[in-house]
Amino acid sequence: MSKRSIKITMSAVLAAAALTAAAPATAMSAKAPLAPLTDVRIATHFNLSAGQMPENIALLPDGTADVTFAASRQVAQVTPRGATRILATLPAPADGGVKTPVLGFALATGIVRTSDGTVYVLYATGTADLTGLWRLRPGRAPQRIAALPANGLPNGLALDEHGKRLYITDSVLGTVWTVPIAGGKPTAWSTAPELARAGFLGANGAKVHRGALWVTNLDRGTLLRIPIRSGNRAGAPQVKASGLAGIDDFAFTGRGDEILAALNGPNTVVRIKSDGTGTTVLDATDGLQNPTSIALRGNDVYVLSAAYTTATDPNLLRARLSDHR
């Protein structure tokens, strides 16, 4: 699929998301003059013409970042000094991915990494033979370990390493799937209506935090908390923040339930406190180009920008989280 086609498709998706986020607005202030992020800089520029549109990120202990490149179907590694190395390219679907729901191109999405160095990646192709959860191990070819519905769009991936389980959001089917780390048949963990899309993409980013799975809904502009009950049963979703049109992935800051969230279409990163109120901490003036995901290692903040609609500069931005509250 051409860059122009991807841009047109994503522009439609993100514009619709901005229009359909119908939830009551979170109290969101403008970018603060004393924002809690310092030392903001673009650490790495990616190659747009090669399809290097970074979608999701997982950090290694030394600050190296594993990232997925959506349009090129690749998993890459970015060193702390900014050098990029391709780890794997997922196999192309026979039809080029034209049947991929909503987007019309095959894409690598969520990524997590376990403590033993195993990498897990989601892949959406619109075909039954490739769509699903893939595992990458050093020196081995990528292997699909769980098939997911071809008419869905697996997107967010969350790891519960203690429970040896992965959670997968499907942005089209409005479902959270769960799969053992070893792989196998997925189980529909939650199909709550709060996960459903409102025309384009619904359930998106996902993280396990304090006994719950936290999930964003891009179309509805919401941040949800879904309790993980005994026996790995899903509780009823609770809306923790709303009015966040275009919210993609997010990361907890280590300050209770406070998060940093990427708002893709609005081209901002917001800090959302435990009470649901938010402040813009990064915007286009900092170099954001449709931010997709965020990761933290201590006070080091990593933000990926895919440039889906700006079509200018996909990049990795880095910053420091200060103690200013």
Side-chain angles (χ1 to χ4, degrees), residues 55-60 65-70 72-77 86-94 97 99-101 106-191 195 203-209 212-215 226 228-234 249 293 295:
E55 174 63 23
N56 208 237
I57 184 170
L59 295 181
L60 281 67
D66 285 348
V67 304
T68 51
F69 288 144
S72 64
R73 318 182 319 277
Q74 292 176 320
V75 180
Q77 199 165 77
I86 304 301
L87 297 179
T89 300
L90 299 176
K99 295 180 182 177
T100 304
L107 68 159
T109 54
I111 185 170
V112 297
R113 183 184 179 95
T114 56
S115 57
D116 66 359
T118 304
V119 176
Y120 297 85
V121 177
L122 293 175
Y123 190 30
T125 69
T127 61
D129 60 326
L130 295 175
T131 300
L133 174 68
W134 290 68
R135 182 172 62 204
L136 279 66
R137 286 175 169 162
R140 301 185 188 182
Q143 176 187 13
R144 188 173 73 159
I145 61 170
L148 290 165
N151 64 338
L153 189 78
N155 197 338
L157 184 59
L159 170 67
D160 178 2
E161 193 157 12
H162 176 74
K164 299 185 182 302
R165 186 161 294 278
L166 295 156
Y167 296 89
I168 299 163
T169 61
D170 191 311
S171 296
V172 168
L173 299 180
T175 298
V176 174
W177 303 95
T178 185
V179 180
I181 284 181
K185 185 178 180 180
T187 299
W189 186 73
S190 178
T191 56
L195 301 170
N204 199 314
K207 295 289 185 296
V208 173
H209 174 72
L213 180 70
W214 295 62
V215 176
I226 308 175
I228 301 174
R229 304 297 190 198
S230 61
N232 194 37
R233 294 175 297 109
D249 207 358
S293 57

OG1 on T178 to NZ on K185, rounded to 0.5 Å: 14.0 Å

Of I168, I228, V179, T175, the residue whose pairing with W189 passes side chain to side chain contact (heavy atoms under 4.5 Å, CB included): I228

Minimum-distance pair of heavy atoms, taken over all atoms of D66 and R113: OD2-NH1, 2.7 Å

For A88 against L136, the heavy-atom pair lying closest together: CB-CD2, 3.6 Å

Under 3.5 Å donor-acceptor, W214 side chain and H209 backbone: yes

Side chains of L153 and T109 in contact at under 4.5 Å (non-hydrogen atoms): no

Side-chain donor/acceptor of R165 to backbone N/O of D160, under 3.5 Å: no

Donor-acceptor contact present, side-chain T169 to main-chain N204, <3.5 Å: yes

Ion pair check, K207 and D249, cut-off under 4.0 Å: yes

Pairwise distance CZ(R137) to OG1(T114) - rounded to 0.5 angstrom: 8.5 Å

Straight-line distance of Y120 OH to L166 CG, nearest 0.5 Å: 6.5 Å

Separation of N155 CG from L173 CG (nearest 0.5 Å): 12.0 Å

Rounded distance [0.5 Å steps], CG in D116 versus CD in E161: 7.0 Å

Closest heavy-atom pair and its distance - Y123, P93: OH-CD, 3.5 Å

Q74 side chain vs I86 backbone, donor-acceptor pair below 3.5 Å: no

Shortest non-hydrogen contact from P149 toward T131: O-CG2, 3.6 Å

S190 vs L195 side-chain heavy atoms within contact, under 4.5 Å: yes

Minimum-distance pair of heavy atoms, taken over all atoms of A65 and I57: CB-CD1, 3.8 Å

S293 side chain vs E55 backbone, donor-acceptor pair below 3.5 Å: yes

Sole residue of V112, L148, D170, I111 in side chain to side chain contact (heavy atoms under 4.5 Å, CB included) with L122: L148

CD1-CD1 distance between I145 and I181, expressed to the nearest 0.5 angstrom: 9.0 Å

Closest contact, heavy atoms only, G110 versus T68: O-CG2, 4.3 Å

Heavy-atom side-chain contact between Q77 and L60 under 4.5 Å: yes

